[in-house]
Amino acid sequence: MISQNAIETLRKTEIGAQGLFIDGVQVEATSGASLPVTSPIDGRPFASIADGNAADINRAVKSARKAFEKGSWSRATPAFRKKVLTKFAELVEKHADELAVLGVRDNGTEIGMAYKAEPLSAAGTIRYYAEAIDKVYGEIAPTAENVLGLIHKEPLGVVGVIVPWNFPLMIGAWKIAPALAAGNCVVVKPPEIASLTLLRLAELASEAGLPAGVLNVVTGRGAVTGEALGLHMDVDAIAFTGSGPVGRRLLEYSARSNLKRVFLELGGKSPNIVFADAPDLKQAAVVSANGIFRNSGQVCVAGSRLLVQSAVYDRFMDELLQATMRLKVGDPLDLANDVGAVSSAEQLDKNLGFVARATEEGARLVTGGQRMLTETGGSYMAPTIFENVTQDMQLAREEVFGPVLGVMRFETEEEAVRLANSTVYGLASAVWTANLSTAHRMVRAINAGVVHVNTYGGADITVPLGGVKQSGFGRDKSLHALEKYLELKTAWIAL
Ligand code: NAD
């Protein structure tokens, strides 16, 4: 784990003006324009990123295509790719302190969480796909004897990666690592408010021996660079994590351009369901509080709807409130804090808008609801709980992506299932019960990509993550994610 001393040294590091990373080097944006990088810790600018445009995306895609055609990566042996990616993972680990602090200065996630979830998780993901790629075989089809049907697995070509600001390294690695392992060349469009770690990641990849042009990073505004990547005629696939509205745009871009495949990991409104026979209510309350309030609720799988069975409602709410009050909110670079800053002043305003609407619609504020630590200049919000939330309220239906929990009561298992499945989303969920049969019935009944039982979060790289309904399609993580980046080709050979 990183030490407070190391953090204090790194928090003062000059970052300066960042370029784009194209063809293995940092270059200026075509327009020469830049965007300031403001830290949510204190509201002050501490760096700038290049404000890329469609011409820059075009340069990056050309470089990626050239590298792909050249074949020094795409046609290299899986053993070679494994070697380079293993070195890449080692370098990410070696630079974990630097990457973690850089990322926290950019997006405000508490360092304890960011350290594990960002560089360490990214390194683990890169290593996982490095290890996997020389174990992927083609197939021989069960044909008649006079033919040979071979199924080859080939890289797609140029893959665009677009990620959000909450965990850019972790989520970026979930897409970049399998895409690279499979032999693709990649153009990354980082989130405009948290681009710095992905730029550094590309430099480390180059240092590890990744050939020029295989991994490019173009920073800039989503509506400009993201759109240009989505519309580009020479991009074969887009792997996206972010909001539903942008996901819809990417599908449109694909339809309007070259029908590139699009993989979408979108938002959620995940139900966390506590049955009266939960094995340990206190533990369930602590994990539930962490499951919504860590990283200020800016977690796609956050348990933002809490459903509690009536028989234990008062006891559970009491434990939940105590667990919530114990969470220390403050400077995300102080290891003593449990919850850091909201990623930006705009996001904080949006969260407060949800609080105002929930109050207007008749939900009861149990705790929080306001901005905190205003004197720092940063964006901090108190963990917020509303009860008496009903299905028709905005808080029960729309994703806040902030530290705001809506609580509902239920009586029966059927009612819990109905409430759980009553949003347009289906990303994550949890069930707390000591009854094995209830647990298994709920796993089947809940429409979500992930159902936790007697825990929340923490699922590692070995299992897939993704949603159903309007939480998207396609899966990150696990060996299943590799398939997204591999094309099947049939060879039908007469013997
Ligand atoms: P966002 O959709 O606003 O932005 C995501 C990315 O898309 C950014 O890089 C942004 O620059 C880019 N973008 C914006 N406009 C674009 C356009 N017109 N064309 C192409 N790209 C464009 O989302 P956000 O605010 O960064 O992140 C929060 C959202 O991400 C939430 O909905 C959250 O649930 C979701 N999320 C999902 C997962 C998951 O695994 N399912 C994980 C983390 C976050």
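We number each residue from 1, following the sequence as shown. In listed order, ligands and their atoms are each counted from 1.
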Quiz item: Do Lys484's NZ or CZ and the ring of Phe263 fall within the cation-pi criteria of under 6.0 Å and 45°?
Solution: yes
Quiz item: Which atoms of ligand 1 are found less than 4.0 Å from any heavy atom of Thr241?
Solution: 5 (C), 36 (N), 37 (C), 38 (C), 39 (C), 40 (O), 42 (C), 43 (C), 44 (C)
Quiz item: Given the rule in the side chain to side chain contact (heavy atoms under 4.5 Å, CB included) test, do Val163 and Leu198 qualify, once you have shown the distances and angles that lead to the verdict?
Solution: CA-CA 10 Å; Val163 291; Leu198 284 166; 3.6 Å; yes
Exercise. May I ask you to check whether Trp174 and Tyr129 place their ring centers less than 6.0 Å from one another?
Key: no
Quiz prompt | Taking atom 21 (N) of ligand 1 as the reference point, the nearest protein heavy atom with its distance | solution = Gly226 CA, 3.5 Å
Quiz item: Which option, Gly222, Ala228, Ala194, owns the non-hydrogen atom nearest atom 17 (C) of ligand 1?
Solution: Gly222
Quiz prompt | Residue and atom name of the nearest protein heavy atom (relative to atom 27 (O) of ligand 1), distance in Å to one decimal | solution = Pro164 CB, 3.2 Å
Quiz prompt | Trp174 N/O under 3.5 Å from ligand 1 N/O | solution = no
Self-check item: Glu192: numbered ligand 1 atoms lying under 4.0 Å from its heavy atoms
Solution: 10 (C), 11 (O)
Quiz item: Where is the nearest protein heavy atom to atom 25 (O) of ligand 1: which residue, which atom, and how far?
Solution: Trp165 NE1, 3.0 Å
Practice problem: Provide, to 0.1 Å, the distance between atom 43 (C) of ligand 1 and the closest protein heavy atom, together with that atom's residue and name. | Solution: Asn166 ND2, 3.2 Å
Self-check item: Pro190, portion touching ligand 1 at heavy-atom distance under 4.0 Å
Solution: backbone
Quiz item: For the atom pair OG (Ser31) and CG (Asp56), what is the distance rounded to the nearest 0.5 Å?
Solution: 6.5 Å
Exercise. Please could you name the atoms of ligand 1 that Gly267 approaches to less than 4.0 Å, counting only its heavy atoms?
Key: 32 (O), 34 (O)
Quiz item: Which one holds for Val299 and ligand 1: side chain close, backbone close, both close, or neither close, with close meaning a heavy atom under 4.0 Å?
Solution: neither
Quiz prompt | Test item: side-chain donor near acceptor, Asn295 and Thr109, under 3.5 Å | solution = yes
Quiz item: Can you tell me the protein heavy atom closest to atom 35 (C) of ligand 1 and the distance?
Solution: Gly242 O, 3.3 Å
Exercise. May I ask you to decide if Asp236's main-chain N or O and Asn258's side chain share a donor-acceptor pair within less than 3.5 Å?
Key: no
Quiz item: At under 4.0 Å between heavy atoms, which part of Leu266 makes contact with ligand 1: side chain, backbone, both or neither?
Solution: backbone
Quiz item: Does Phe240 have a non-hydrogen atom less than 4.0 Å from ligand 1?
Solution: yes
Practice problem: Using a strict cut-off of 4.0 Å, indicate which atoms of ligand 1 neighbour a heavy atom of Glu227. | Solution: 19 (N), 20 (C)
Exercise. Would you kindly specify which portion of Tyr253 sits under 4.0 Å from ligand 1, judged on non-hydrogen atoms: side chain, backbone, both or neither?
Key: side chain
Self-check item: Per-atom contacts, ligand 1 versus Glu399 - under 4.0 Å to a heavy atom
Solution: 31 (C), 32 (O), 33 (C), 34 (O)
Quiz prompt | Minimum non-hydrogen distance to atom 38 (C) of ligand 1, winning option of Gly474, Gly466, Ala428, Cys300 | solution = Cys300
Quiz item: With a cut-off of 4.0 Å, which atoms of ligand 1 are near a heavy atom of Arg249?
Solution: 18 (N)
Quiz item: Hey, are Asp338 and Lys328 close enough for a salt bridge, meaning a charged N less than 4.0 Å from a carboxylate O?
Solution: no
Quiz item: Which of the numbered atoms in ligand 1 are below 4.0 angstrom from a heavy atom of Glu265?
Solution: 37 (C), 39 (C), 40 (O), 41 (N)
Quiz prompt | Atom indices of ligand 1, in the order listed, that fall short of 4.0 Å to a heavy atom of Val163 | solution = 6 (C), 8 (C), 9 (O)
Quiz prompt | Nearest-neighbour protein heavy atom for atom 33 (C) of ligand 1, which is reported as residue plus atom name and distance | solution = Phe401 CE1, 3.2 Å
Quiz item: Evaluating non-hydrogen atoms only, which member of Gly220, Gly244, Ser304, Ser243 is closest to atom 23 (O) of ligand 1?
Solution: Ser243
